Asker: 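Let me begin by handing over the structure; questions about it come next.
First the proteins, then the strands, lettered A, B, ... as listed; each starts at 1. Predicted model, so just to flag it, every value in this text is computed and none were measured.
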Amino acid sequence: MAIFVNKDTRVVVQGITGRDGSFHSQGMLDYGTPLVAGVTPGKGGQTFADKVPVFDTVAQAVEETGANTSVIFVPPPFAAGAVYEAADAGCELVVCITEGVPTLDMVAVMPYLQERGVRLIGPNCPGLLAPGIAKLGIMPASIVKEGKVGLVSRSGTLTYEVVWQLTNAGLGQSTCLGIGGDPVIGTTFMDAVQAFAADPETEALVLIGEIGGDAEEKAAEYIQANVDMPVVAFIAGRTAPPGKRMGHAGAIVTGGSGTAADKTKALEAAGIPVAERAMDIVSLLQKQQG
Amino acid sequence: MAIFVNKDTRVVVQGITGRDGSFHSQGMLDYGTPLVAGVTPGKGGQTFADKVPVFDTVAQAVEETGANTSVIFVPPPFAAGAVYEAADAGCELVVCITEGVPTLDMVAVMPYLQERGVRLIGPNCPGLLAPGIAKLGIMPASIVKEGKVGLVSRSGTLTYEVVWQLTNAGLGQSTCLGIGGDPVIGTTFMDAVQAFAADPETEALVLIGEIGGDAEEKAAEYIQANVDMPVVAFIAGRTAPPGKRMGHAGAIVTGGSGTAADKTKALEAAGIPVAERAMDIVSLLQKQQG
Amino acid sequence: MNIHEYQGRDVFRQHGLPVPPGKVADSADKAVAIAKELGLPVMVKAQVLTGGRGKAGGVKFCATIEDVEENARNIVGMDIKSHTVRKVLVTPAVDIAEEFYLGMLVDRRSGRVHVMASAEGGVEIEQVAKDNPEAIVHHAIDPRYGLLDHEALGLGLKLYPTDIKKARQLGSALQKIYTAFVAADASLAEINPWIFTTKGEGLAIDAKINLDDNALFRHPNYEELRDRLSEDPSERQAREADLSFVKLQGNVGCLVNGAGLAMATMDLVKYYGGQPANFLDIGGSSNPEKVVNALRIILQDDEVKAILFNIFGGITRCDDVARGIIEATGQLDIKVPIVVRLTGTNEEEARALLAGTDLVPAATMDEAVQKAIELAGNA
Amino acid sequence: MNIHEYQGRDVFRQHGLPVPPGKVADSADKAVAIAKELGLPVMVKAQVLTGGRGKAGGVKFCATIEDVEENARNIVGMDIKSHTVRKVLVTPAVDIAEEFYLGMLVDRRSGRVHVMASAEGGVEIEQVAKDNPEAIVHHAIDPRYGLLDHEALGLGLKLYPTDIKKARQLGSALQKIYTAFVAADASLAEINPWIFTTKGEGLAIDAKINLDDNALFRHPNYEELRDRLSEDPSERQAREADLSFVKLQGNVGCLVNGAGLAMATMDLVKYYGGQPANFLDIGGSSNPEKVVNALRIILQDDEVKAILFNIFGGITRCDDVARGIIEATGQLDIKVPIVVRLTGTNEEEARALLAGTDLVPAATMDEAVQKAIELAGNA
């Protein structure tokens, strides 16, 4: 039905009283997400949207509400700290929306998560939207539709663009996942592909990559060897000049590696058609699905 | 037959070319210990005692000789570094003889060992002597005798004194283990008791404790609940004044806790007779064994 | 953010790496004064935020004061890969016996700081990676333990198996680079070459450090390391306005919300035969001020003949965004046509708003791009 | 090694903890001068390496200069639990609204630095542990991550659940204590009390730090923190001779190889009705110089009426040890009887060597102890 979330998901939002946190928490509630708690140190005892209790710490929130999933909206200097806190409190899934987190903060937190078997999505990501189940993050709920296509992306609005096209073409989604545009992220392309491959309700896959790194190449190898369902890809940044950071901290071609051409080549070599234009994804997918 | 060592044990000595390292390596060889390699950075390529190859790193030693157990004789400032190196190279058992290792160095190395499932004995210990199998450390081989008594101790020469009395009384040992007198050590009293309890060849147990901490109390609880064989104990330091470090960094009564009286009380409450004099251990053991 | 060699040397020196003395000069006269102070021979090295200085003639050995004067005069003002050299570093020439490459970067795969080092120093590591990949020693540093002594020595011995003293120096240098890397919140740190003199003394001869932009808030002092003069003026303005902007050579100015969509938009311009003038992510808000700043920066480029807004409304309502664009464009005297594509929540209302303006509406990204290229071509 | 409050305050201050100003004086005149500089009121606090200063009258509030003079005169030279006060700390008296206990020590069980903190400050933590153990907040710090922000805040909130600002101050103080703890290689660090003034300002009012003797080699500067005057002179000499020595009140001087055996020997002296004069571990070697130093230190004590060597030969051969003892005792003019027990390798040869001397041989530990007690009683 979805990856990473299910009917037992109970969400706590860290930074629920902040500008972005409160806005998107409302959006999550509106979508019917089981948002059971919020955290803002010093605001413990308050109530968000007349129904969600706010706590000083995630540990308290987990203890009182049984939250098992955190969505983080705290500012960059405190984002990694929030991830430690969520993991330590026993959250199994942590979605860090915050953009601009220092890379070495993420390097440091990674083994802490691995030791505890905690999955992180992000940072610098739109989060996850499993149509009909839960919205964890900032993806617009209006563009999704329940269905069988799994989508994983390093982008935000480009993802929405593609999801919107899928929805308009009648291709619903099992889960739309934005893994984030930073160099060091919790859940990688590969992790997402593996999870989709293991999800009986996902019957086709859309990968939206971009320049920088080799996550797409690795996923392509894995798909060729292990994934049977139709897969279509798109790579943003074919015209990006080398050595320049294209918005995302991770979107940069360095030393001639991480180019869109390399990625396209690797994907096509693995039998995965790569759309030249975002709008071609739908038709390629329809063709793949026969 | 023994705890922590067996016929597959292959030993590398770190600091083999140093004064203590070379002296005791010779002792280990003389006892027939499978000492297959030595390490001293910068002396790779040399040979110790005409037969043991010396390497620059433990990784090289492990690769070339299949060593799986390290005995460390390097000076205190480098001792923790040697433990990291041995663990990283794949040694499963590391015996650190070095005395005077900063406590926080050991605090730091402990999780590294736990992550890798490596057993550390020591630091600041005489090591282990499994009569007839191997000598890992500095215990005098002349005082031991093969047999069924397991012995674990926080001391050095006091251990020898007791082993010597056991041997003279015809009570051979399965393994004599000195766990060291520092506050933070790898293998604790409890670990040793559990290992002896699981060893089919060990039929009686001698515990030699001393003031400081509560390792003896914890072992006593465990023994009462889980160990069937005869057990006799001795606690050194009944006359030690509070707040003074008695030689060993860990031998100190603080805030009224860690006294010999407390330990004796806990052991006796668990049904373990405590010898008033070291020389009474043998007779108590003989009485226990019936 | 990239910093100059002389600034990187300071960072390394602060963390205990052996760095020869040296000072920067922005004129031949000053270079001569420094050379006299340091004593001959010296190297005069262009301080420029790009590689290939040596090949371009930006690094010179000077045996005499006349050499210093001549070389400094030639190098200051020199153009290296479109970067103008404004300063030279004057530093004692040392007697090089051996050269090594010592570097670290954040590795995406392992999520760790990754050591790359090679006994083939003085060459670009990318070249070594291509020609002789097994000459590169790799190690991913566990952030919980740092670069441990035995790991550092192990790397040192791989680089220099025959001399424990030099192996130790190399290992220790790597540990210090790591300390500097973490302390500075770097994304890349390189010493190329690390050298041994004929007497066996190890020295960091070059220094390259890139800083993590996301971590600059922790290092307010680094702001003064920024070389504003070497930045493209429009990129500097964009940075100061908190916009992600990259200048390109083209005639279609692009304003997009979101980096991925911005790249996809550029790609689509190219796909339809046009040339994007820039990458620009205006972020999630419909804040007119941000739009004004973005437009102002783009319009400084005379090549820009049409402007393309590609906005996916998403959470933000499209009519709000449309109002922001209308307000922003109203504040400026814009002579080029503007195509606006708005999709998502309240898309219809947005299009109705645009109908009363000069802005050219478009329903899809493809349509918008094609219209913008066409309008730019007609200009 | 234990250091004084004023030294501990410096360590804490270096790591960013808020510590009120203050200086030490070894006379009433100097105390008055400091009080005038700081401004009244002040506290005059005995600097002494033991607890219970307050109860003993070693900590005084001084509203006037006369108070300062009188209290300083009384406290300098005062005896507190056998420690002579040589210095007083003069520090501004602050307006205390609330007191907390903040401490850390190396915990044997967890093998970690363990936080103990309590809202019942100003009281000895051992007392709180007895009377109201649930008033103590515990936390074992993972050395790989340090005291993380959320852990620190969580502890702060347990100490002060109703005020986030004070909870943050307490958490931040714990993080700084931990930084100081690790940097100083401490075995214990305490602030008791940490206070909040009536204005809500947090301050470290007391400072207690014990340093890990094993780590002093890393901190050569700490040697000057050592209060030689407060040490027992024989313990100081032993330390300088690299011997583990503790002075006791008894008449049987004990020289033993190994700490455990040395404790067991003391215990056995007591068991047989005697009184050990000391704990002394001469270590593993038969080095005559070490034995000479040990004997010299023990013989400074006029109470010592007999000397007992208890040596388990082990690896070292007993005949070598016997030669060392004979040589060492020959270098000194010793008027008390010496009993020597040597067991282990070459024990027979050793006994033969001793036969030609005044040294009294013994075959077992029990026999040796009994003989020594008897000889001491006869003296």
Asker: Identify which part of A/Arg245 has an atom lying under 4.5 Å from any heavy atom of chain C, answering side chain, backbone, both or neither.
Answerer: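 Its backbone and side chain both get close to chain C.
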Asker: Can you tell me which portion of C/Phe245 sits under 4.5 Å from chain A's heavy atoms? Options are side chain, backbone, both or neither.
Answerer: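 For C/Phe245, there is no contact with chain A at all, as no heavy atom is under 4.5 Å.
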Asker: Are the side chain of C/Asp267 and the backbone of A/Ala236 linked by a donor-acceptor contact shorter than 3.5 Å?
Answerer: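 Not a single qualifying donor-acceptor pair exists.
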Asker: Using a cut-off of under 4.5 Å for heavy-atom pairs, which of C/Glu124, C/Met365, C/Arg108, C/Lys270 has the most such pairs with chain A?
Answerer: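 The answer is C/Arg108.
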Asker: Just so I know, are the side chains of C/Arg144 and A/Glu115 near enough to count as touching, which here means a heavy-atom distance under 4.5 Å?
Answerer: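 Touching, per the 4.5 Å side-chain cut-off.
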Asker: Do other residues, nucleotides or ligands put more than 12 heavy atoms under 6.0 Å from the CG atom of C/Asp242?
Answerer: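 Atom CG in C/Asp242 is not packed in, count stays at 12 or less.
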Asker: A side-chain contact here means heavy atoms from C-beta on lying under 4.5 Å apart; do C/Met263 and A/Glu210 qualify?
Answerer: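 Result yes, sub-4.5 Å side-chain heavy-atom pair found.
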Asker: Just how far is it from atom CD of C/Glu347 to atom CH2 of A/Trp164, taken to the nearest 0.5 Å?
Answerer: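 Answer for the CD-CH2 pair, C/Glu347 versus A/Trp164, is 6.5 Å.
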Asker: So which of A/Lys218, A/Met110, A/Arg154 has the largest heavy-atom pair count under 4.5 angstrom toward chain C?
Answerer: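 Top count of heavy-atom pairs under 4.5 Å with chain C: A/Lys218.
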Asker: Measure from the side-chain N and O atoms of A/Thr157 to the backbone N and O of C/Asn257, and report whether any donor-acceptor pair falls under 3.5 Å.
Answerer: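 Present.
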Asker: Can you measure from CZ (C/Phe181) to CG (A/Leu104) and round to the nearest 0.5 angstrom?
Answerer: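 Going from CZ on C/Phe181 over to CG on A/Leu104, the span is 6.0 Å.
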Asker: First locate atom OG1 of A/Thr239, then atom CE of C/Met266, and finally report the distance between them rounded to the nearest 0.5 Å.
Answerer: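 Rounded to the nearest 0.5 Å, the OG1-CE separation comes to 3.0 Å.
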Asker: So for C/Glu235, is it side chain, backbone, both, or neither that comes closer than 4.5 Å to the heavy atoms of chain A?
Answerer: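 Contact with chain A is through the side chain of C/Glu235 alone.
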Asker: Taking CD in A/Glu268 as the centre, count heavy atoms belonging to other residues, nucleotides or ligands within less than 6.0 Å. Is the count above 12?
Answerer: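 More than 12 heavy atoms, drawn from other residues, nucleotides or ligands, come within 6.0 Å of this atom.
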Asker: Looking at A/Val101, is its backbone amide N or carbonyl O close enough to the side chain of C/Asn214 to form a donor-acceptor pair, meaning the two atoms are under 3.5 Å apart?
Answerer: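 Yes: the side chain of C/Asn214 pairs with the backbone of A/Val101.
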Asker: Measure C/Asp366 against the heavy atoms of chain A and call it side chain, backbone, both or neither at under 4.5 Å.
Answerer: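 The side chain, not the backbone.
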Asker: Does C/Arg218 come within less than 4.0 Å of A/Asp105, counting only side-chain N to carboxylate O?
Answerer: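 Salt bridge between C/Arg218 and A/Asp105, a charged N being under 4.0 Å from a carboxylate O: yes.
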Asker: With a 4.5 Å heavy-atom cut-off, do A/Met246 and C/Val246 have their side chains touching?
Answerer: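 Sidechains of C/Val246 and A/Met246: in contact.
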Asker: Please examine the side chains of A/Ser155 and C/Leu261, heavy atoms only from C-beta on, and report whether any two atoms are closer than 4.5 Å.
Answerer: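 Not touching, per the 4.5 Å side-chain cut-off.
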Asker: For C/Asp212 and A/Thr103, indicate whether the former's side chain and the latter's backbone hold a donor-acceptor pair under 3.5 Å.
Answerer: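 Indeed, once roles are kept as given, a pair shorter than 3.5 Å links the two residues.
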Asker: So what's closer than 4.5 Å to chain C heavy atoms on A/Ile235: side chain, backbone, both or neither?
Answerer: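 Backbone of A/Ile235 only, per the 4.5 Å heavy-atom cut-off to chain C.
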Asker: Is chain C contacted by the side chain of A/Val107, its backbone, both, or neither, given a heavy-atom distance below 4.5 Å?
Answerer: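 Both parts, backbone and side chain.
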Asker: Return the minimal non-hydrogen interatomic distance between C/Ser244 and A/Gly247, and the atom names on each side.
Answerer: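 Between these two residues, the closest heavy atoms are OG-CA, 3.5 Å.
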Asker: More than 12 foreign heavy atoms under 6.0 Å from CZ of C/Arg109: is that the case here?
Answerer: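 No, not enclosed.
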Asker: For atom CD of A/Glu99, decide whether the heavy atoms of other residues, nucleotides or ligands shown that lie under 6.0 angstrom number more than 12.
Answerer: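 Open.
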Asker: Relative to chain A, which segment of C/Leu248 carries a heavy atom at a distance below 4.5 Å: side chain, backbone, both, or neither?
Answerer: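 When you check distances to chain A, only side chain atoms of C/Leu248 fall under 4.5 Å.
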Asker: Can you tell which of A/Ser153, A/Pro77, A/Pro102 has the highest number of heavy-atom pairs within less than 4.5 Å of chain C?
Answerer: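 Of the candidates given, the most pairs with chain C belong to A/Pro102.
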Asker: Between atom OH of C/Tyr271 and atom CG of A/Asp280, what is the distance when rounded to the nearest 0.5 Å?
Answerer: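 Between atom OH of C/Tyr271 and atom CG of A/Asp280 there are 6.0 Å.
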Asker: Which bit of A/Tyr112 is near chain C, if near means a heavy-atom gap under 4.5 Å: side chain, backbone, both or neither?
Answerer: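 For A/Tyr112, there is no contact with chain C at all, as no heavy atom is under 4.5 Å.
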Asker: Check C/Arg341 with A/Glu161, please: is the shortest side-chain N to carboxylate O separation under 4.0 Å?
Answerer: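 Salt bridge: yes.
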Asker: Where does C/Ala262 contact chain A at under 4.5 Å (heavy atoms): side chain, backbone, both or neither?
Answerer: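 It is neither, since no heavy atom gets under 4.5 Å.
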